[in-house]
Amino acid sequence: MGKTVLETERLRLREMGEGDFEFLTHMLCDATVMRYWPRPYTIQESREWLDRQIARYDCEGFGYWIAETHEGHPLGQAGLMLQEFGDRNEVGVGYIFAEAAWGKGYATEATRACL
């Protein structure tokens, strides 16, 4: 399990690690979850996503973190990411949650904590 970054009443946000690959792949390859992205990820793209997040912790000090219950059940991911806007970088907040976690306020709770 990765380092805990934030905790809320119901959630723990922690750094991603190799043990999260299966969960991330299941979520990122799901067409329903990824409907607002250009398309669902492939298994290889899920691997690259995980590797990029881990690299961001070292390079930028933040990234997307696993959002899980305090008991360790992963629900999704939320966090901060540098995004390019013209000639400058800005920090944005975002999230992706597994469909089973939708409608319960987890995304709102996680993004508020990130901000």
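Reckoned from all heavy atoms, side chains included, excluding hydrogens, waters and symmetry mates.
You'll find the side chain of Met16 reaches within 4.5 Å of the side chain of Tyr57, heavy atoms only. The closest side-chain heavy-atom distance from Ile66 to Leu24 is below 4.5 Å. Between Tyr64 and Leu80 the shortest side-chain heavy-atom distance does not fall below 4.5 Å. Two residues are said to be in side-chain contact when any heavy atoms from C-beta on lie closer than 4.5 Å; Glu15 and Val5 meet this criterion. The shortest distance between side-chain heavy atoms of Met81 and Gln53 falls below 4.5 Å. Looking at heavy atoms from C-beta onward, Tyr106 lies out of side-chain contact with Thr8 at the 4.5 angstrom threshold. Between Thr25 and Glu22 there is no side-chain heavy-atom pair separated by less than 4.5 Å.
For His70, the NE2 atom sits in a packed shell: over 12 heavy atoms of surrounding residues, nucleotides or ligands are nearer than 6.0 Å. By the neighbour-count criterion of 12 heavy atoms within 6.0 Å, atom CG of Leu82 is densely surrounded, having more than that number from other residues, nucleotides or ligands. Atom CD of Glu90 has more than 12 neighbouring heavy atoms from other residues, nucleotides or ligands inside a 6.0 Å radius. Residue Arg52 places its CZ atom among more than 12 non-hydrogen atoms of other residues, nucleotides or ligands, all under 6.0 Å distant. Heavy-atom contacts from other residues, nucleotides or ligands closer than 6.0 Å to OH of Tyr95 number 12 or fewer.
Residues Phe23 and Pro74 come closest through the heavy atom pair CE1-O, 3.7 Å. Across all non-hydrogen atoms, the minimal contact from Pro40 to Cys29 is CB-O, 3.6 Å. The minimum heavy-atom distance linking Val93 with Cys114 is given by the pair CG2-CB, 3.9 Å. The two atoms that bring Trp65 and Leu6 nearest to each other are CZ3-CD1, 4.2 Å, heavy atoms only. Shown here for Met34 and Leu28, the closest heavy-atom pair between the two residues is CG-O, 3.1 Å. Looking at every heavy atom in both residues, Asp20 comes nearest to Arg14 through OD1-NH2, 2.7 Å.
In this structure, OG in Ser46 is found 8.5 Å from CE in Met27, a value given to the nearest 0.5 Å. If you take CG on Leu11 and OG1 on Thr69, they are separated by 8.0 Å, rounding to the nearest 0.5 Å.
For the side chain to side chain donor-acceptor pair (under 3.5 Å) test, no residue two or more places apart in sequence or in another chain qualifies with Glu99.
Taking the ring centre of Phe21 as origin, the terminal cationic atom of Arg47 falls inside the region bounded by 6.0 Å and 45° from the ring axis.
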Side chain to side chain contact (heavy atoms under 4.5 Å, CB included) between Phe62 and Val91, worked out: CA-CA 10 Å; Phe62 55 86; Val91 177; 4.0 Å; yes
Residue pair Leu13, Thr4: steps toward the side chain to side chain contact (heavy atoms under 4.5 Å, CB included) verdict: CA-CA 6 Å; Leu13 276 67; Thr4 298; over 6 Å; no
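For the residue pair Trp49 and Gln44, no side-chain donor N or O sits within less than 3.5 Å of a side-chain acceptor on the partner.
Note: Tyr41 and Trp37 have perpendicular aromatic rings, judged against thresholds of 30 and 60 degrees for the angle between ring planes.
Side-chain atoms of Glu45 come within 3.5 Å of backbone atoms of Thr42 as a donor-acceptor pair (strictly under, hydrogens ignored).
A salt bridge does not link Arg12 with Glu7: every distance from a Lys NZ or Arg NE/NH1/NH2 to an Asp or Glu carboxylate oxygen is 4.0 Å or more.
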